[in-house]
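Quick notes on the structure that follows.
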Amino acid sequence: MWRRVASVSHLFSHSKSTKFNQGASTFKIWETFTSESEIPTPSKGSPFITFVLGGPGSGKGTQCAKIVEAFGFTHVSAGDLLRREIASGSAYGSVILSTIREGKIVPSQVTVELIQKEMESNDNYKFLIDGFPRSEENRKAFEQTIGAEPDVVLFFDCPEQEMVKRVLNRNQGRVDDNIDTIKKRLEIFDELNWPVINYYSQRGKLHKINAVGTVDEIFEKVRPIFAPLRYILLFCYPVCSICCH
Ligand SMILES: Nc1ncnc2c1ncn2[C@@H]1O[C@H](COP(=O)(O)OP(=O)(O)OP(=O)(O)O)[C@@H](O)[C@H]1O
Ligand SMILES: Nc1ccn([C@@H]2O[C@H](COP(=O)(O)O)[C@@H](O)[C@H]2O)c(=O)n1
Ligand SMILES: [Mg+2]
């Protein structure tokens, strides 16, 4: 591994860089490791971002844990950040709680700020952003605030009946895991999430995954999306301390 990193050191420029500003040199290393044209090109000046979309109970969090284990991403769950904010007793807490109880979407500014803080406080450069964007408003707020686009977008496609069954069996004490809130969440998902899914589909970034089957069966559909990226993910995110400064 050390030799492999050293062997590409000549590809890096020595201009001053910031945390999320390694794109130019990253692009060169990318070209070194792969010539497969369907592999997405990392955005210049950005970390490697994967958005993870899907209805409530489609298995986003479960698959994120598998992706983290296999490919070393940092998992940022928008829902978990919002629940953490409630638990912290912050000023926004009660508004967030009632929004989640009603199955509605928290104002984008709040969610994006939490995501931004989480990304900036993490040394990793590859993120799975789970349950985000939930709406076009979420998507635009992220682009404007973070100044980055996702490299990959996963969409776990699951029939409603299966999602309801999974959520009602989840048993994690979530205030929104009840039949009334689930119905509302499914309505909101139908209304607000499809425009986001269509947006990324049109840009060729969307990977639609049939989310019916065992956890391992579904992960075997996810693995090939990241497998061709393993070198770039391993060596360039985080940017190595040997040659990337
Ligand atoms: N393939 C699967 N088959 C059966 N159960 C599953 C599968 N994947 C996940 N589950 C279970 O379904 C429940 C919901 O999964 P998970 O929490 O990963 O969904 P989610 O998409 O993150 O939902 P939410 O949007 O509500 O956070 C969990 O109890 C999980 O263990
Ligand atoms: N971008 C988001 C993500 C989540 N929420 C709210 O949190 C609830 C739980 O989210 P999960 O991803 O853990 O299912 C969700 O129903 C929303 O109320 C949000 O507002 N915006
Ligand atoms: Mg989840």
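Since the model is a prediction, treat every value here as computed from it, not as a measurement. Atoms within a ligand are numbered from 1 in the order they appear, just like the ligands themselves.
- Close to ligand 2: Arg83, with a non-hydrogen atom less than 4.0 angstrom away.
- One distance of note links CZ of Arg230 with CZ of Phe226; it measures 13.5 Å at 0.5 Å rounding.
- Evaluated for a side chain to side chain contact (heavy atoms under 4.5 Å, CB included) with Val52, the options Phe156, Phe132, Phe73 yield exactly one hit, Phe156.
- For atom 11 (P) of ligand 2, the closest non-hydrogen atom on the protein side is Arg134 NH2, 3.4 Å.
- For ligand 1, residues of the protein lying within 4.0 angstrom by heavy-atom distance are Gly55, Pro56, Gly57, Ser58, Gly59, Lys60, Gly61, Thr62, Arg166, Arg170, Arg174, Arg185, Gly213, Thr214, Val215, Ile218.
- Residue contacts with ligand 2 for Glu102 are absent, since no atom lies close enough (heavy atoms, distance under 4.0 Å).
- Every residue meeting the ring-ring contact (aromatic ring centres under 6.0 Å, His included) condition with Phe155, not counting sequence neighbours, appears here in chain and number order: Trp194.
- Closest approach of Cys64 to Asp130, counting heavy atoms only: SG-CB, 3.9 Å.
- Every pair passing side chain to side chain donor-acceptor pair (under 3.5 Å) that includes a residue from residues 47-73 is listed here, sequence neighbours excluded: Lys66-Asp216.
- Nearest protein heavy-atom neighbour of atom 20 (O) of ligand 2: Val106 N, 2.6 Å.
- Listed by chain and residue number, Glu136 satisfy the side chain to side chain contact (heavy atoms under 4.5 Å, CB included) test with Pro195 (two or more places apart in sequence, or in another chain).
- Looking at atom 14 (O) of ligand 2, its nearest protein heavy atom turns out to be Arg185 NH2, 2.5 Å.
- Taking every heavy atom of Ile100 and a limit of under 4.0 angstrom, the matching atoms of ligand 2 come to 6 (C), 7 (O), 8 (C), 18 (O).
- Only side-chain heavy atoms of Asp176 come within less than 4.0 Å of ligand 2; its backbone N, CA, C and O stay farther off.
- Under 4.0 Å from ligand 2, the heavy atoms of Asn138 that appear belong solely to its side chain.
- Figure legend: cation-pi geometry between Arg134 and Phe189 absent, as NZ or CZ is not positioned both under 6.0 Å from the six-membered ring centre and within 45° of its axis.
- Side chain of Asp151 to backbone of Ile49: a donor-acceptor contact under 3.5 angstrom is found.
- Atoms of ligand 2 found under 4.0 Å from any heavy atom of Phe132, numbered from 1 in the order shown, are 1 (N).
- Residues Tyr125 and Pro47 come closest through the heavy atom pair O-CB, 3.2 Å.
- Ranking the protein heavy atoms by distance from atom 19 (C) of ligand 2 puts Leu82 CD1, 3.6 Å first.
- Here the heavy atom of the protein found nearest to atom 3 (C) of ligand 2 is Gly131 O, 3.2 Å.
- Side chains of Asn178 and Thr181: a donor on one and an acceptor on the other come within 3.5 Å.
- The two residues Gly103 and Arg185 have their closest heavy-atom pair at CA-CG, 3.6 Å.
- Crowding of Lys221 atom NZ: a count of heavy atoms from other residues, nucleotides or ligands under 6.0 Å exceeding 12.
- Nearest non-hydrogen protein atom to atom 18 (O) of ligand 2 is Lys104 O, 2.5 Å.
- Heavy-atom neighbours of Glu220 CD from other residues, nucleotides or ligands within 6.0 Å: above the threshold of 12.
- Each of the following atoms of ligand 2 lies closer than 4.0 Å to a heavy atom of Ala78: 1 (N), 3 (C).
- Close approach of ligand 2 to Ile105 is summarised as follows: ligand atoms under 4.0 Å from at least one heavy atom of the residue are 20 (O), 21 (N).
- Residue contact annotation: Arg174 has a non-hydrogen atom under 4.0 Å from ligand 2.
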